[in-house]
Peer 1: 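So that we are looking at the same thing, I have put the structure below in structure tokens.
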Amino acid sequence: MTVGNVGGRRRQLPSLSQLRAFAAVAEHLHFRDAAAAIGMSQPALSGAVSALEETLGVTLVERTTRKVLLSPAGERLAVRSKAVLDEVGALLEEAEALRAPFTGVLRLGVIPTVAPYLLPTVLRLVHDRYPDLDLQVHEEQTASLLEGLAGGRLDLLLLAVPLGVPGVTELPLFDEDFVLVTPLDHPLGGREGIPREALKELNLLLLDEGHCLRDQALDICREAGREDAPVTTTAAGLSTLVQLVAGGLGCTLLPRTALKVETSRSNQLLTGSFADPAPTRRIALAMRASAARGAEYQELAAALREEMRALPVRVLGPDT
């Protein structure tokens with residue numbers, strides 16, 4: 001494509017394919033990895049970057065035998081290229097939303113400590129109320145989900161908040177209490193009104209690094225006055241964590257939405273509830289503040305709040 005006259009000659013415009021190829025190289029600093037990330041062959045990607053350099057009249061990439069480096073011009077123009085691609089993506093998203101709400105693809109990211117317990121409600125709602133919506137679910141940890149949201153790989157997140165991330169709008173759904181899960185012979189097993197201070201003396205089992213539920217559990221322990229990190233054994237998921245408790249290795253904290261699913265697999269467990277105010281977590285949808293489909297996501301959040309009244313949670317208002 002050409003546009004206008006510059007200095008008596010017609011100026012060539014870069015194509016979106018060229019910008020996409022260059023943005024991938026700038027992100028991965030590796031031609032093979034960049035090509036795989038955007039589904040393009042490596043020769044085609046290299047050719048697109050070379051064509052962009054010719055179109056712009058500057059060298060963007062310094063190629064060596066071992067690695068790829070961005071030139072000073074490449075460093076500056078990589079930011080511009082990403083901004084252009086983001087705007088094009090927003091244009092397409094807005095056009096799709098204008099054609100018909102709740103149609104097309106919706107890429108939903110969900111954290112592992114929410115997915116098994118809330119997805120049945122989400123999927124049933126979408127199936128019944130929005131049959132033309134192509135919902136695609138991605139289960140990942142919080143940091144990966146936020147990266148996907150910022151980069152446009154994901155449209156909407158279902159996770160624990162607050163996030164405190166600029167440019168991300170949270171749509172609160174509900175608060176839920178944590179409960180204490182213990183082996184059968186534990187003195188706190190089955191008790192009600194457990195003081196938070198009891199956490200100071202417990203052998204508490206936690207999830208691995210990277211899970212927000214682990215960080216929440218550690219925050220609860222610190223609020224209870226525990227200074228050390230009570231970590232002797234960790235697990236990659238809640239199911240394993242609960243089985244470790246059933247085996248007598250310690251106690252753990254579970255959100256109430258996970259309780260029925262996880263404790264029904266063993267008869268070697270007891271649960272205890274905390275005295276008010278019990279430790280809690282808040283679950284919300286999160287979207288880009290600039291999302292073209294923001295009104296749809298607000299409507300979806302309202303519908304989810306109604307559906308989740310059947311769960312052991314405290315549903316929140318939209319302005320909470």
Side-chain angles (χ1 to χ4, degrees), residues 111-121 158-162 172-207 211-235 237-284 304-317 320:
I111 56 174
T113 58
V114 161
Y117 321 113
L118 298 187
L119 276 180
T121 300
L158 179 59
L159 72 179
V161 297
L173 299 176
F174 63 81
D175 289 339
E176 65 175 325
D177 293 341
F178 283 98
V179 296
L180 183 68
V181 182
T182 73
L184 284 178
D185 59 354
H186 197 280
L188 294 179
R191 279 186 52 184
E192 297 182 1
I194 299 171
R196 289 198 194 198
E197 290 73 21
L199 292 170
K200 291 193 289 186
E201 308 301 328
L202 292 180
N203 179 25
L204 202 61
L205 308 179
L206 301 177
L207 291 174
H211 288 278
C212 61
L213 190 59
R214 170 195 174 93
D215 298 331
Q216 291 159 354
L218 291 173
D219 287 342
I220 292 167
C221 288
R222 281 190 285 269
E223 290 169 4
R226 185 165 187 164
E227 298 298 329
D228 66 312
V231 182
T232 56
T233 301
T234 62
L238 290 182
S239 296
T240 302
L241 206 59
V242 171
Q243 292 307 310
L244 293 175
V245 174
L249 293 187
C251 304
T252 196
L253 296 172
L254 280 188
R256 279 205 177 274
T257 50
L259 194 60
K260 182 178 180 180
V261 172
E262 299 301 344
T263 60
S264 64
R265 298 169 180 161
S266 174
N267 60 3
Q268 301 300 306
L269 299 166
L270 289 173
T271 59
S273 59
F274 289 93
D276 291 333
T280 64
R281 73 170 180 175
R282 176 163 293 182
I283 300 299
L304 280 173
R305 292 185 192 104
E306 291 304 312
E307 291 293 318
M308 289 174 177
R309 292 188 185 280
L311 301 176
V313 301
R314 294 182 296 281
V315 174
L316 301 169
T320 301

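All residue numbers refer to positions in the sequence shown, counting from 1.
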Peer 1: Please determine whether side-chain contact (heavy atoms from CB on, under 4.5 Å) holds for the pair C212 and L159, giving the CA-CA distance in whole Å, both sets of side-chain angles, and the decisive distance to 0.1 Å.
Peer 2: CA-CA 9 Å; C212 61; L159 72 179; over 6 Å; no

Peer 1: For T113, what residues pass the side-chain hydrogen bond (donor to acceptor under 3.5 Å, both in side chains) criterion, not counting sequence neighbours?
Peer 2: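 For T113 the side-chain hydrogen bond (donor to acceptor under 3.5 Å, both in side chains) partners, ignoring immediate neighbours, are R281.
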
Peer 1: Suppose we screen for side-chain hydrogen bond (donor to acceptor under 3.5 Å, both in side chains). Which residues come up paired with R265, at least two apart in sequence or across chains?
Peer 2: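 Residues passing side-chain hydrogen bond (donor to acceptor under 3.5 Å, both in side chains) with R265: S239, E262.
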
Peer 1: With sequence neighbours excluded, what pairs up with E192 under the salt bridge (Lys or Arg N to Asp or Glu O under 4.0 Å) test?
Peer 2: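 Testing E192 for salt bridge (Lys or Arg N to Asp or Glu O under 4.0 Å), a comparison that skips the adjacent residues, returns none.
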
Peer 1: Hey, is the main chain of L207 close enough, under 3.5 Å, to the side chain of R214 for a donor-acceptor pair?
Peer 2: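 Such a contact is found between R214 side chain and L207 backbone.
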
Peer 1: Sequence neighbours left out, what passes side-chain contact (heavy atoms from CB on, under 4.5 Å) with L270? Give chain and number order.
Peer 2: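 side-chain contact (heavy atoms from CB on, under 4.5 Å) list for L270, sorted by chain: T182, L184.
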
Peer 1: Let me see the working for F174 and L118 under side-chain contact (heavy atoms from CB on, under 4.5 Å), right down to the final yes or no.
Peer 2: CA-CA 12 Å; F174 63 81; L118 298 187; 3.6 Å; yes

Peer 1: Which residues pass the side-chain contact (heavy atoms from CB on, under 4.5 Å) test with E197, not counting sequence neighbours?
Peer 2: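 Applying side-chain contact (heavy atoms from CB on, under 4.5 Å) to E197 gives P195, K200.
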
Peer 1: Taking only residues two or more places apart in sequence or in another chain, which ones pass side-chain hydrogen bond (donor to acceptor under 3.5 Å, both in side chains) with D219?
Peer 2: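 Checked D219 against side-chain hydrogen bond (donor to acceptor under 3.5 Å, both in side chains); matches are R222.
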
Peer 1: How would you list, by chain and number, every residue that makes a side-chain contact (heavy atoms from CB on, under 4.5 Å) with D175, sequence neighbours excluded?
Peer 2: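 Result, side-chain contact (heavy atoms from CB on, under 4.5 Å) vs D175: R282, R314, L316.
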
Peer 1: Can you list the residues that meet the side-chain hydrogen bond (donor to acceptor under 3.5 Å, both in side chains) rule with R305, with sequence neighbours excluded?
Peer 2: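 None.
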
Peer 1: Just grab all the side-chain hydrogen bond (donor to acceptor under 3.5 Å, both in side chains) pairs involving residues 241-258, residues at least two apart or on different chains.
Peer 2: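 Output for this query lists E176-T257.
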
Peer 1: Taking only residues two or more places apart in sequence or in another chain, which ones pass side-chain contact (heavy atoms from CB on, under 4.5 Å) with P112?
Peer 2: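 So P112 forms a side-chain contact (heavy atoms from CB on, under 4.5 Å) with E139, H211.
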
